[in-house]
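What follows is a set of notes on a single structure, which appears directly below.
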Number of protein chains: 2
Amino acid sequence: MERQDIYESESLTFILSRMMKLRRSNVHLLLRDQEVYPGQPPLLFHLSRHEGHSQKEIAQHLQLTPATVTVMLKRMEKTGHVERRPDPQDQRISRAYLTDKGREALSEVKEAMNFLEIQCFQHISEEEKRMMRRLLLQMYDNMKSFEQSLLTEKDQPNRK
Amino acid sequence: MERQDIYESESLTFILSRMMKLRRSNVHLLLRDQEVYPGQPPLLFHLSRHEGHSQKEIAQHLQLTPATVTVMLKRMEKTGHVERRPDPQDQRISRAYLTDKGREALSEVKEAMNFLEIQCFQHISEEEKRMMRRLLLQMYDNMKSFEQSLLTEKDQPNRK
DNA sequence: CACTTATATTTAGTCGACTAACTAATTTTT
DNA sequence: AAAAATTAGTTAGTCGACTAAATATAAGTG
């Protein structure tokens with residue numbers, strides 16, 4: 001069955017996305033007891049380091065849209081991990097805080113995610129990790145340049 | 001602004017997911033003229049190689065749930081890229097085929113995706129790519145083992 | 001043959017991610 | 001001071017991905 005074709009694939013991005021998908025699924029399994037979904041740890045971590053950030057600040061840091069942050073925070077309010085309070089000086093601004101429940105969940109999430117990270121890099125040396133880091137950043141830069149060229153192209157009247 | 005902290009991050013998986021997110025966004029920009037969404041190329045490619053596969057077969061190959069395949073195919077039927085026909089021998093089975101429009105879109109998508117892949121790996125040597133492939137497969141295997149251990153744990157009566 | 005079990009797909013609901021449009025508050029301009 | 005522009009967040013809608021339950025069809029059993 002072609003379930004195994006990750007081992008035959010020449011496409012690195014294919015392997016990458018399969019690996020990331022599996023990782024995400026493992027995150028899900030790991031976090032189920034904490035009522036935390038796979039997309040939420042980055043937000044939890046951010047709030048633990050930046051108590052009371054506005055939604056705009058959160059969105060910028062996590063590179064998400066404001067709409068996504070609103071929806072996520074709303075859900076996390078619902079599970080009791082987060083609370084939002086209006087800024088005293090500016091009624092447009094909403095600031096997010098971890099609740100006690102949120103902090104509790106967070107420490108377990110931190111532990112779980114660290115554990116996962118260690119498992120993920122089993123049998124991979126520090127040197128190899130360093131090389132991979134360099135290559136990934138190169139890829140990121142390449143994609144950033146590519147994005148720029150696409151967006152520039154988009155603004156051209158004579159595009160295509 | 002901490003938008004730049006990908007360059008400071010020690011977490012490879014963080015860098016990985018940021019890079020993959022950016023890539024996906026670029027795929028989106030590239031495919032907008034073809035009425036194709038970033039999740040659809042794998043399914044289009046599969047159908048071009050396996051004309052008439054059942055939804056179950058598609059789901060197994062792409063490692064998606066049947067529900068996801070149903071919803072995706074329905075959307076692609078709507079845009080006219082795909083048509084579904086019942087199997088003549090078994091009324092439970094639905095088989096998917098590319099339309100002419102789908103084939104047309106596919107060839108442009110193929111071109112675009114190849115172009116993107118080339119851009120992604122600029123300034124990275126063949127040797128480096130080989131190493132990265134090995135490391136990614138190792139990570140995949142690690143995550144696979146981890147998943148197994150989690151699922152085994154899940155079936156234990158005395159878990160946690 | 002009737003009933004039970006298995007199979008393939010669908011539907012409804014959840015999540016995160018985006019876009020576009022909207023709402024309310026604040027700042028800037030006239 | 002009033003109007004216009006900007007800002008922060010929200011809502012509605014789209015996508016893909018999953019889960020659980022439902023539906024229709026086929027296979028197996030007594």
Side-chain angles (χ1 to χ4, degrees), chain A residues 17-18 20-29 31-32 34-44 46 52-60 62-79 81-82 84-96 147 154, chain B residues 17-18 20-29 31-32 34-44 46 52-60 62-79 81-82 84-96 147 154:
Chain A
S17 41
R18 277 293 165 83
M20 290 305 277
K21 185 180 172 184
L22 179 55
R23 181 181 173 275
R24 182 182 168 90
S25 166
N26 283 341
V27 170
H28 187 60
L29 287 176
L31 301 184
R32 68 206 151 172
Q34 279 79 248
E35 265 190 306
V36 172
Y37 290 94
Q40 293 173 354
L43 182 39
L44 287 171
H46 182 80
H53 256 200
S54 72
Q55 291 187 206
K56 181 186 171 181
E57 287 168 314
I58 293 168
Q60 286 175 340
L62 300 185
Q63 293 186 39
L64 302 173
T65 65
T68 300
V69 171
T70 293
V71 174
M72 281 178 76
L73 284 175
K74 203 190 272 182
R75 285 175 183 145
M76 287 158 85
E77 261 188 322
K78 201 167 166 190
T79 53
H81 291 121
V82 156
R84 284 185 289 178
R85 288 180 229 138
D87 186 282
Q89 333 264 10
D90 187 337
Q91 291 303 301
R92 296 174 300 179
I93 296 177
S94 179
R95 296 190 177 283
E147 181 189 52
K154 179 181 169 186
Chain B
S17 41
R18 276 292 163 84
M20 290 304 278
K21 184 179 171 184
L22 180 55
R23 179 181 173 275
R24 182 184 168 90
S25 167
N26 283 342
V27 171
H28 187 62
L29 286 176
L31 301 184
R32 68 203 150 173
Q34 279 78 249
E35 267 189 302
V36 171
Y37 290 95
Q40 292 172 353
L43 183 38
L44 287 172
H46 182 82
H53 256 200
S54 73
Q55 292 189 205
K56 180 186 173 182
E57 287 168 315
I58 294 168
Q60 285 174 338
L62 300 186
Q63 292 184 38
L64 302 173
T65 66
T68 300
V69 171
T70 294
V71 174
M72 283 177 75
L73 283 175
K74 201 190 271 181
R75 286 175 182 145
M76 289 159 83
E77 260 189 323
K78 200 166 167 191
T79 53
H81 290 122
V82 156
R84 283 185 289 178
R85 288 179 231 140
D87 185 281
Q89 333 263 11
D90 187 337
Q91 290 302 303
R92 295 174 299 181
I93 296 177
S94 180
R95 296 190 178 281
E147 182 190 52
K154 180 183 168 186

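Please read these numbers as outputs of a predicted model, since none were measured by experiment. Naming convention: chains lettered A, B, ... in sequence-line order (proteins, then strands); numbering from 1 in each chain.
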Each nucleotide N or O in nucleotides 7-9 of chain C that has a protein N or O under 3.5 Å away: list the pair and distance.
| unit_1 | atom_1 | unit_2 | atom_2 | d |
| --- | --- | --- | --- | --- |
| C:dT7 | O4' | B:R92 | NH1 | 3.2 |
| C:dT7 | O2 | B:R92 | NH1 | 3.2 |
| C:dA8 | OP1 | B:K56 | NZ | 3.2 |
| C:dA8 | OP2 | B:K56 | NZ | 2.6 |
| C:dA8 | O3' | B:R92 | O | 3.4 |
| C:dT9 | OP1 | B:Q55 | N | 3.1 |
| C:dT9 | OP1 | B:S94 | N | 3.0 |
| C:dT9 | OP1 | B:S94 | O | 3.1 |
| C:dT9 | OP2 | B:K56 | N | 2.6 |

- Taking OP1 and OP2 of C:dT14, is either one under 4.0 Å from a side-chain nitrogen or oxygen of A:R75? no
- Within this structure, what is the OH-to-P distance between B:Y37 and C:dG16, rounded to whole angstrom? 21 Å
- Message: Can you tell me how far apart NE2 (A:H81) and CG (A:L73) are? Round to the nearest 0.5 Å.
- Response: 13.0 Å
- Item | Of B:K21 and A:K78, the one whose closest DNA chain C nucleotide lies more 5' | A:K78
- Message: With a 4.5 Å cut-off on side-chain heavy atoms, are B:L31 and B:P41 touching?
- Response: yes
- Message: Rounded to whole Å, how long is the line connecting atom CZ of B:R32 with atom C1' of C:dT19?
- Response: 14 Å
- B:R24 has an atom CZ; how far is it from atom P of D:dA17, in whole Å? 7 Å
- Item | Interatomic distance where CG belongs to B:N26 and P belongs to C:dC18 [whole Å] | 14 Å
- Counting N and O atoms only, with roles assigned by atom type, does the side chain of A:T70 sit under 3.5 Å from a partner on the main chain of A:P66, one being a donor and the other an acceptor? yes
- Within this structure, what is the CD-to-C1' distance between A:Q60 and D:dG9, rounded to whole angstrom? 13 Å
- Task: For A:M76 and C:dA17, give me the distance from atom CE to atom P, rounded to whole Å.
- Result: 11 Å
- Query: If you pin A:Q91 and A:Q40 to their nearest nucleotides in DNA chain C, which one's is more 5'?
  - Reply: A:Q40
- Give, for atom OG of A:S17 and atom CZ of A:R24, the distance between the pair rounded to the nearest 0.5 Å. 13.5 Å
- Task: Starting at atom CZ of A:R85, determine the distance to atom C1' of D:dG9, rounded to an integer number of angstrom.
- Result: 18 Å
- Short side-chain N/O contact from A:K74 to OP1 or OP2 of D:dG9, under 4.0 Å: no
- Check the surroundings of atom NE2 in B:H28: do more than 12 heavy atoms from other residues, nucleotides or ligands lie under 6.0 Å from it? no
- Do the side chains of B:V36 and B:L44 get nearer than 4.5 Å, heavy atoms only? yes
- Message: Tell me which one of B:Q55, B:Q40, B:E77 satisfies side-chain contact (heavy atoms from CB on, under 4.5 Å) with B:M72.
- Response: B:Q40
- Task: Establish, with yes or no, whether the OP1 or OP2 oxygen of C:dC18 is under 4.0 angstrom from a side-chain nitrogen or oxygen of A:T68.
- Result: yes
- Task: Starting from C1' on D:dT14, measure out to CE on B:M72 and report it in whole angstrom.
- Result: 14 Å
- Closest nucleotide among D:dC18, D:dG16, C:dA20 to the A:A67 side chain: C:dA20
